Amino acid sequence: MNDISLDFVLIWTLILGVGVFLYVLLDGFDLGVGMLFGFVGTTASRNLIMNSIAPVWDGNETWLILGVVGLLAAFPLAFAIIIPAVYFPIAVMLLAFAFRGVAFEFRYRDIERKSFWDRGFALGSAVATFSQGVVLGAYIQGFKIDGRQFVGSSFDCFTPFSVVTGVALMLGYTLLGAGWLVIKTEGDLQAFARRSGRRALVGVVLAIVLVSVWTPLSETDIWSRWFSFPNLILLLPIPILTTALTTVAWRSFGSSKSQLTPFLSSIGLFALSFLGIAISLWPMIVPHHYTLWQAASSEKTQGFLLVGTVFLLPMVLIYTAWCYWVFRGKVRADLGYHEG
């Protein structure tokens with residue numbers, strides 16, 4: 001029975017890990033596009049940017065729902081501790097999402113105040129992204145817990161480290177957004193995306209270095225995991241691959257011939273960062289307090305939930321892939337989400 005329980009915990013860990021990564025990737029690039037949107041001056045260019053994400057941006061948030069519901073069902077103890085600890089930035093994120101969605105629709109219908117809604121869309125994207133980064137930073141640092149309850153305040157999540165991770169995620173999403181615009185646009189707008197991508201990449205690299213140094217210095221367990229022998233040798237490919245992908249991304253953003261590579265290399269940097277966090281915290285789901293197995297729901301509950309997920313998850317993957325396939329190619333001014 002213990003082996004079966006162990007398998008369920010690992011399966012749900014994989015499902016949640018994939019769900020969170022797909023959310024970061026898919027909603028991350030459209031939030032990044034939203035932030036870049038605020039730096040584009042002409043109405044025509046802004047319309048093209050909107051058209052590049054209009055068919056997919058709502059569906060990208062499906063993965064956030066999967067992650068939250070999966071955490072509640074499969075790891076209820078973790079949910080009960082984490083959500084109260086980061087309630088404030090989550091509430092701000094949800095309000096930013098709502099305002100962003102309203103701004104997206106109203107910019108086409110409230111023509112007299114279109115510039116207001118444009119600024120609102122960019123601001124909503126930035127605030128939502130920063131809030132997610134604060135949640136990530138607070139999660140990595142851990143929470144004040146007494147027994148099985150969070151006992152800190154609503155503002156404990158705001159620390160210098162979480163603010164840094166908030167800014168870092170803004171830079172990371174901007175990098176993804178720039179890569180997406182390189183794929184979807186041409187001419188001056190694509191040139192703008194390439195320049196923005198290079199600037200964001202510099203910030204992302206600095207953030208990766210800062211967080212990679214700050215995290216092990218603040219936690220002895222993480223330091224031992226990365227810098228003790230033989231882990232130091234076994235984990236060396238991660239910084240090497242990060243350096244290689246950074247070089248590829250820099251060159252591809254600067255080459256007019258590279259269309260997919262800027263986006264793919266940006267995904268690679270996110271994947272390596274995601275892997276680095278997982279290695280640092282494994283097997284904790286509530287950092288420094290509870291492991292995955294300690295926070296998991298019963299074997300019967302996880303098994304029951306898995307039956308439905310086995311049918312539902314492939315359907316979500318299929319319709320997501322189909323949507324991106326149907327709306328592939330460059331965006332044009334005469335096609336897309338129109339006013340009226």
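Every value quoted in this text rests on a predicted model; they were computed, and no experiment measured them.
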Point to revise | Student check: side-chain heavy atoms of Pro160 and Trp214 closer than 4.5 Å | key: yes
Exercise for review: Flag yes if more than 12 heavy atoms outside Asp188 fall under 6.0 Å of its CG atom; otherwise flag no.
Suggested key: no
Which side-chain N or O atoms in residues 312-325 pair as donor and acceptor under 3.5 Å with protein atoms at least two apart or in another chain?
| residue | atom | partner | partner atom | Å |
| --- | --- | --- | --- | --- |
| Tyr319 | OH | Thr62 | OG1 | 3.4 |
| Thr320 | OG1 | Val316 | O | 2.7 |
| Tyr324 | OH | Asn60 | OD1 | 2.7 |
| Tyr324 | OH | Asn60 | ND2 | 3.4 |

N/O donor-acceptor pairs under 3.5 Å from side chains in residues 247-254, not counting sequence neighbours:
| residue | atom | partner | partner atom | Å |
| --- | --- | --- | --- | --- |
| Thr247 | OG1 | Thr243 | O | 3.0 |
| Ser252 | OG | Val248 | O | 3.0 |
| Ser252 | OG | Ala249 | O | 3.0 |

Exercise for review: Look up atom CG in Leu241 and atom CG in Leu236, then write down how far apart they are to the nearest 0.5 Å.
Suggested key: 9.5 Å
Check your understanding: According to the interplanar angle, ranging from 0 to 90°, do the rings of Phe88 and Phe158 count as parallel (below 30°), tilted (30 to 60°) or perpendicular (above 60°)?
Key -> perpendicular
Point to revise | For Phe150 against Ile81, the heavy-atom pair lying closest together | key: CB-O, 3.8 Å
Exercise for review: Report yes if the side chains of Leu22 and Val18 come closer than 4.5 Å at any heavy-atom pair, otherwise no.
Suggested key: yes
For residues 92-99, which side-chain N or O atoms pair as donor and acceptor with protein atoms under 3.5 Å away, sequence neighbours left out?
none

Point to revise | Ser212 (side chain) donor-acceptor with Val209 (main chain) under 3.5 angstrom | key: no
Review point. Within the distance-only criterion (no hydrogens, no angle test), does the side chain of Arg100 pair as donor or acceptor with the backbone N or O of Ala122 below 3.5 angstrom?
Key: no
All N/O donor-acceptor pairs, side-chain side in residues 262-282, below 3.5 Å, sequence neighbours left out:
| residue | atom | partner | partner atom | Å |
| --- | --- | --- | --- | --- |
| Ser265 | OG | Thr261 | O | 2.8 |
| Ser265 | OG | Pro262 | O | 3.1 |
| Ser266 | OG | Pro262 | O | 2.7 |
| Ser273 | OG | Leu269 | O | 2.9 |
| Ser280 | OG | Trp226 | NE1 | 2.8 |
| Ser280 | OG | Gly276 | O | 3.0 |

Point to revise | Side-chain donor-acceptor contact under 3.5 Å, Gln141 with Thr159 | key: yes
Review point. Hey, what do you get for CH2 (Trp293) to CZ (Phe75), rounding to the nearest 0.5 Å?
Key: 8.5 Å
Point to revise | Rounded distance [0.5 Å steps], CD1 in Ile82 versus CG in Leu72 | key: 11.5 Å
**Study point:** Full working for side chain to side chain contact (heavy atoms under 4.5 Å, CB included) between Trp117 and Val102
**Key:** CA-CA 8 Å; Trp117 297 117; Val102 170; 4.0 Å; yes
Check your understanding: Within the side chain of Tyr139, is there an N or O that forms a donor-acceptor pair under 3.5 Å with the backbone of Ile285?
Key -> yes
Practice item. Return yes if some donor-acceptor pair links the side-chain N/O of Ser45 with the main-chain N/O of Leu189 below 3.5 Å, else return no. Key: no
Practice item. State, to 0.1 Å, how close Gln302 and Val9 come at their nearest heavy-atom pair, and which atoms those are. Key: OE1-N, 3.4 Å
**Study point:** Student check: side-chain heavy atoms of Val33 and Tyr173 closer than 4.5 Å
**Key:** no
Exercise for review: Give a yes-or-no answer on whether the side chains of Gln259 and Lys330 include a donor-acceptor pair shorter than 3.5 Å.
Suggested key: yes
Review point. So how far is it from Met35 CE to Phe121 CZ, rounded to the nearest 0.5 Å?
Key: 10.5 Å
Point to revise | Counterpart residues, salt bridge (Lys or Arg N to Asp or Glu O under 4.0 Å), relative to Asp27 (two or more places apart) | key: none
Exercise for review: Under the salt bridge (Lys or Arg N to Asp or Glu O under 4.0 Å) rule, collect the residues that match up with Asp118, sequence neighbours excluded.
Suggested key: Arg46, Arg107
**Study point:** Test item: His288 and Phe143 side chains (from C-beta on) under 4.5 Å apart, heavy atoms
**Key:** no
**Study point:** Sole residue of Val310, Leu305, Thr309, Val20 in side-chain contact (heavy atoms from CB on, under 4.5 Å) with Ile15
**Key:** Thr309
**Study point:** Nearest atoms (heavy-atom pairs only) where Leu235 meets Arg225
**Key:** CD1-O, 3.6 Å
Practice item. Find out whether Arg148 and Leu77 are in side-chain contact, i.e. whether some heavy atom of one side chain is under 4.5 Å from a heavy atom of the other. Key: yes
Check your understanding: Is any side-chain heavy atom of Ile145 closer than 4.5 Å to a side-chain heavy atom of Val151?
Key -> no
Practice item. Would you please indicate if the ring centroids of Trp180 and Phe29 are separated by under 6.0 Å? Key: yes
Point to revise | Atom pair SG (Cys157) and CD1 (Ile90), whose distance is rounded to the nearest 0.5 Å | key: 9.0 Å
Review point. What do the steps show when you test Asp156 against Ser153 for side-chain hydrogen bond (donor to acceptor under 3.5 Å, both in side chains), and what is the final call?
Key: CA-CA 5 Å; Asp156 284 352; Ser153 74; 2.9 Å; yes
Check your understanding: If you measure from CG on Asn51 to OG1 on Thr185, what distance do you get to the nearest 0.5 Å?
Key -> 12.0 Å
Practice item. Using modelled atom types only, decide if a donor and an acceptor are shared between the side chain of Ser52 and the backbone of Ile49 within a distance under 3.5 Å. Key: yes
